[in-house]
Protein chains: 2
Amino acid sequence: MSGTQIVRRNLHDEIAVGLREMIVKGELRPGEKVPEAALCIRFGVSRTPMREAFKALAAEGLLTLVPNRGAVVARITREEVAELFPVMGALEGLAGELACARITEAKVARIRKLHEQMARFYERGEIAPYYRSNRAIHEAIFEAADNAVLSSIFQNLLTRTNSVRFAVKKSPARWAEAVADHEAMLAALEARDGPGLGRILREHMRHKIEMVIEALDARDAAERRRS
Amino acid sequence: MSGTQIVRRNLHDEIAVGLREMIVKGELRPGEKVPEAALCIRFGVSRTPMREAFKALAAEGLLTLVPNRGAVVARITREEVAELFPVMGALEGLAGELACARITEAKVARIRKLHEQMARFYERGEIAPYYRSNRAIHEAIFEAADNAVLSSIFQNLLTRTNSVRFAVKKSPARWAEAVADHEAMLAALEARDGPGLGRILREHMRHKIEMVIEALDARDAAERRRS
DNA sequence: AAAGTGAATAATGAATGCAAAATCGAGTCA
DNA sequence: TGACTCGATTTTGCATTCATTATTCACTTT
């Protein structure tokens, strides 16, 4: 066996990866038309695999296909926010429960490290590094849960909600609340209290949705002022 | 406005509907190769929309695309069963909680009717009608939860697990257990006890997974005997 | 000037074409 | 008999073509 694995992939799959990245990075913005021809040139492919990728992303809920008018980046409505986040809460809650049942001592220790790091960034008010540690903790919980189906569905929902989650500007009170949630999470995890951790994660998600709604309200108010 | 709405749909979408139906009905069986050419003839379409439908169904987890070897109906492994069902449990649990918060008196009454009907079918040992009522109850809970995202993800998981769920032959003890679960569900729903209903539904799903594992064990044992 | 009209242009959706890869099968050899 | 070869055939992935549907924009009408 040679070390380098022969990765045989389909073009449409690689394009799908590229498009997902563009959506997450905001190069393609919600509601915007997806420029098929331009993307074909940019990726150096013909329309066939590009359009196949569109179908796949549409099935994932990232694009909306309008008959005879091509593809549009899916736009999240307030109603969908109200639907998506509780689902994410239930899933992350499950991840927490499974993690408590399966996690090793070493991984708990690693999460504690991440948590302490995150707390330091909070103290210093360093937002970007804070988010990085924060995300690492949530990812570590899913990793410990060891459920690929769960992770992939959750990841999909994260991607779909990317634009609205990113719109949030945490107030000091909200930020403190989030850190407090994380303290409780760590305690539950160290006590291997599955139901407890599940409850905290669902609660954490409920706080998140409130922040998102606040952000959407603020954004809409700003838009109304402009017009 | 005329009564007949002009439904403009994409070909690949209609094909996807048709393929999903074939998979659910067992016309295409897990592990089987999906005959592209034959399906093109059957649906009266060219390869392009057929292959687009394949990509969409693959994104849904219903098909597996093997590079240079076309599409295969996704086959559920025991490990995936162990991953999929807890996720379904968490989602149906959420549906129960939401339903308790939102359901109208009339809908509760309808579910009670369905439940009593189902109980009668159980008493008489009529399996097919029992399953019909059973499914109607679960669907009614999702309807009451009024969360389209939740419903569509759950529906997708139902489809993906179709083959293994269908393999289950309930023992009398298991059947009694299921009916008891349903009694508890109705009680929780009538009391609008969201957390309680959530717990019962997760428990109900845990029972389901045990039945599925039993069925898979039996199937594998039978297969081993044959070889 | 604003609203309407229709020809020219662009885009979309689906069928077809073509090169590369996989599969099949007759023939060969151990 | 069973494993192997290698050319023929089929299948697959992607590019290209073609018909249909939107969109644009110069032009008319009020």
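Below, chains carry the letters A, B, ... as their sequence lines are ordered, and counting in each starts from 1.
- Taking only side-chain nitrogens and oxygens, A:Lys33 never comes nearer than 4.0 Å to OP1 or OP2 of C:dA10.
- Regarding B:Glu36, its CD atom lies at a distance of 15 Å from the P atom of C:dT23, rounded to whole Å.
- Panel note: side chain B:Asn147, backbone B:Val149; a donor-acceptor pair is recorded below 3.5 Å.
- In this structure, A:Trp175 and A:Tyr130 have perpendicular ring planes: the angle between them is above 60°, well past the 30° mark.
- If you measure from atom NE2 of A:His12 to atom P of D:dC14, you get 7 Å, rounded to the nearest angstrom.
- Here C:dA10 presents its C1' atom at 14 Å from CZ of A:Arg69, a figure rounded to the nearest Å.
- Under a 4.0 Å N-O distance rule, the pair B:Glu143/B:Lys107 qualifies as a salt bridge.
- Comparing D:dA22, D:dC14, C:dA21 against the side chain of A:Glu52 picks out D:dC14 as the nearest.
- Salt bridge present: B:Asp217 and B:Arg78 bring a charged side-chain N and a carboxylate O closer than 4.0 Å.
- In this structure, CG of A:Asn10 is placed 14 Å from C1' of C:dA22, rounded to the nearest angstrom.
- Taking atom CG of residue B:Asn68 and atom P of nucleotide C:dA21, one finds them 7 Å apart after rounding to whole Å.
- Between A:His115 and A:His182, the angle of the ring planes stays under 30°, which puts this pair in the parallel group of the 30/60° scheme.
- Closest heavy-atom contact between B:Arg165 and B:Leu158: NH2-O, 2.8 Å.
- The distance from atom CG of B:Leu65 to atom P of D:dT11 is 18 Å, rounded to the nearest whole Å.
- Between B:Arg102 and B:Asp146, the shortest heavy-atom contact is NH1-O, 3.4 Å.
- Within a heavy-atom distance below 4.0 Å of DNA chain D, the residues of residues 43-51 of chain B found are B:Arg47, B:Arg51.
- In this structure, B:Lys55 reaches neither bases nor backbone, as no heavy-atom distance under 4.0 Å exists between it and the strands shown.
- With rounding to whole Å, A:Phe54 atom CZ is found 13 Å from C:dA11 atom P.
- A straight line from CD1 of B:Ile41 to C1' of C:dA15 spans 15 Å, rounded to a whole angstrom.
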